[in-house]
There are 2 protein chains.
Amino acid sequence: MSLKDVGKDSKQIVERSTRQQSSILEALYGIDEFKSAQEIHALLAKKKLKVGLATVYRTLQKMAEKEDIDAIKSTEGETLYRHCGQNDGHHHHLICNKCGLTITVEGPAIENWTEKVAKENGFSEVSHKVDIFGVCKGCRRK
Amino acid sequence: MSLKDVGKDSKQIVERSTRQQSSILEALYGIDEFKSAQEIHALLAKKKLKVGLATVYRTLQKMAEKEDIDAIKSTEGETLYRHCGQNDGHHHHLICNKCGLTITVEGPAIENWTEKVAKENGFSEVSHKVDIFGVCKGCRRK
DNA sequence: ATACTATTGGGAATGATTATCAATAAGAAA
DNA sequence: TTTCTTATTGATAATCATTCCCAATAGTAT
């Protein structure tokens, strides 16, 4: 077995950093709203940053998996992404239906409640989704 | 202005009942899990009940609007429907990721919490989505 | 029965997302 | 630095749920 082969066998956890990835991450940090992959793609194009649409999808997805960013589904079914201020813990969102303004909220009460309900019904490996939609103060005035 | 014209002007709130609609509703009452429009359509076909796919989509959608049935989005983005045992009030679901078993739960605590959070942040016209996913007792044993 | 029009259905159209796969370019080794 | 391996990219085709279109069908009132 040659050195080359050893290299092949040992599972490489390589992760290369590319300009595309930083462009996408940077774009996300420039806004405080949930945006779709398509919107991010358009935004990059406007800045003359050429990044393939497929790459945007792939990258956002991967970042969401690693929990570097948040992902939710809009009521229309699109997946939306947003940079996550607090990497620490689990949290939820208060989202404006008009302008997209998003406020991050925590809810220990919710966590406890879901845990309790799940346990009472014999469920394990539970996860939950709690998002509040509405109209923010600014938009109401209009 | 003729009698005909009067008929045209007065907004008719006509709602015709069709065999397709009853077939769909009946199918829903035969199961206790969330099913997609496609699944319902296949299920009807198996029973030799010919109903167009578009009609299934339209009907389920309409019934969900009237809150005759419940609708949620699966993690894959599909819209799923289920007949709603208790028409009375707002409620949530505890859903098994393996078998689809669904348990309806109420959560006054949640309602209060979302109301409070929304108000604190100046949001109005709020709605919320709370669903708990996990693995039920039966599936865990396998 | 007749007229009016809500509802249906099949297939085309849409739109977001994923798959394909050759070309490109990180990062390691020499 | 140069070579080599292969992760990553990107243009485009393919998927797949859902909606649109519109002529044909069938409730319902008169």
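Scope of the values below: all heavy atoms of this structure, side chains included, with no hydrogens, waters or symmetry mates. In what follows, chains carry the letters A, B, and so on, assigned in the order in which the sequence lines appear, proteins first and then strands, with residues in each chain numbered from 1.
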Minimum side-chain heavy-atom gap L80(A)-K73(A) below 4.5 Å: no

Distance, rounded to the nearest Å, where M63(B) contributes CE and dT7(C) contributes C1': 15 Å

Could you give the angle between the helix axes at the two ends of the helix from dA1(C)-dT30(D) to dA30(C)-dT1(D), with five pairs per end, rounded to 10 degrees? 30°

Nearest whole Å is fine: how far is dT9(D) C1' from L60(A) CG? 15 Å

Given atom CZ of R16(A) and atom P of dA7(D), what is their separation to the nearest angstrom? 6 Å

Which whole-number value in Å describes the distance from E39(A) CD to dA16(C) C1'? 12 Å

Residue set satisfying side-chain hydrogen bond (donor to acceptor under 3.5 Å, both in side chains) with S124(A), at least two apart, ordered chain then number -> R140(B)

Check the phosphate of dA7(D) against S17(A), side-chain N and O only, distance under 4.0 Å to OP1 or OP2. Yes or no? no

With no hydrogens and no angle check, just 3.5 Å: does a side-chain donor-acceptor pair link H83(A) and D70(A)? no

Do the side chains of I110(B) and H92(B) get nearer than 4.5 Å, heavy atoms only? yes

In whole Å, I'd like the distance from the CD1 atom of I72(A) to the P atom of dA16(C). 16 Å

Spacing between Q20(B) atom CD and dA6(C) atom P, to the nearest angstrom: 17 Å

Residues, nucleotides or ligands: over 12 heavy atoms within 6.0 Å of E26(A) CD: no

Scan nucleotides 18-23 of chain C nucleotide by nucleotide, 5' to 3', and note B when protein non-hydrogen atoms come under 4.0 Å of the base, S if they reach only the sugar-phosphate, - if neither. BB----

For the pair W113(A) and V130(B), evaluate side chain to side chain contact (heavy atoms under 4.5 Å, CB included) and give the outcome as yes or no after the intermediate values. CA-CA 11 Å; W113(A) 178 76; V130(B) 177; 4.0 Å; yes

Hydrophobic cluster partners of Y57(B) (side-chain heavy atoms under 4.5 Å): L53(B)

So if I take every side-chain heavy atom of T55(A) and compare against dG27(C), dT9(D), dG9(C), which nucleotide ends up nearest? dT9(D)

Residue whose nearest DNA chain D nucleotide is more 5′ - T18(B) or S36(B): S36(B)

So, do I31(B) and K35(B) sit near enough that their side-chain heavy atoms are less than 4.5 Å apart? yes

Measuring only between side-chain heavy atoms, which start at C-beta, is I24(B) closer than 4.5 Å to L44(B)? yes

T55(A): what forms a side-chain hydrogen bond (donor to acceptor under 3.5 Å, both in side chains) with it, not counting sequence neighbours? R58(A)

Are H93(A) and H128(B) near enough that their ring centres are under 6.0 Å apart? no

Looking only at side-chain atoms of K62(A), point me to the closest of dT8(C), dT8(D), dA17(D). dT8(D)

Between CD of Q21(A) and P of dA26(C) the distance, given in whole Å, is 11 Å

Look at the side-chain heavy atoms of Ile, Leu, Val, Met, Phe, Trp and Tyr, link any pair under 4.5 Å apart, and say whether L28(A) and L49(A) land in one connected group. yes

Residues in contact with DNA chain D, drawn from residues 43-52 of chain A - heavy-atom cutoff 4.0 Å: K50(A), V51(A), G52(A)

Atom-to-atom span, NZ of K73(B) to C1' of dA17(D) - whole angstrom: 10 Å

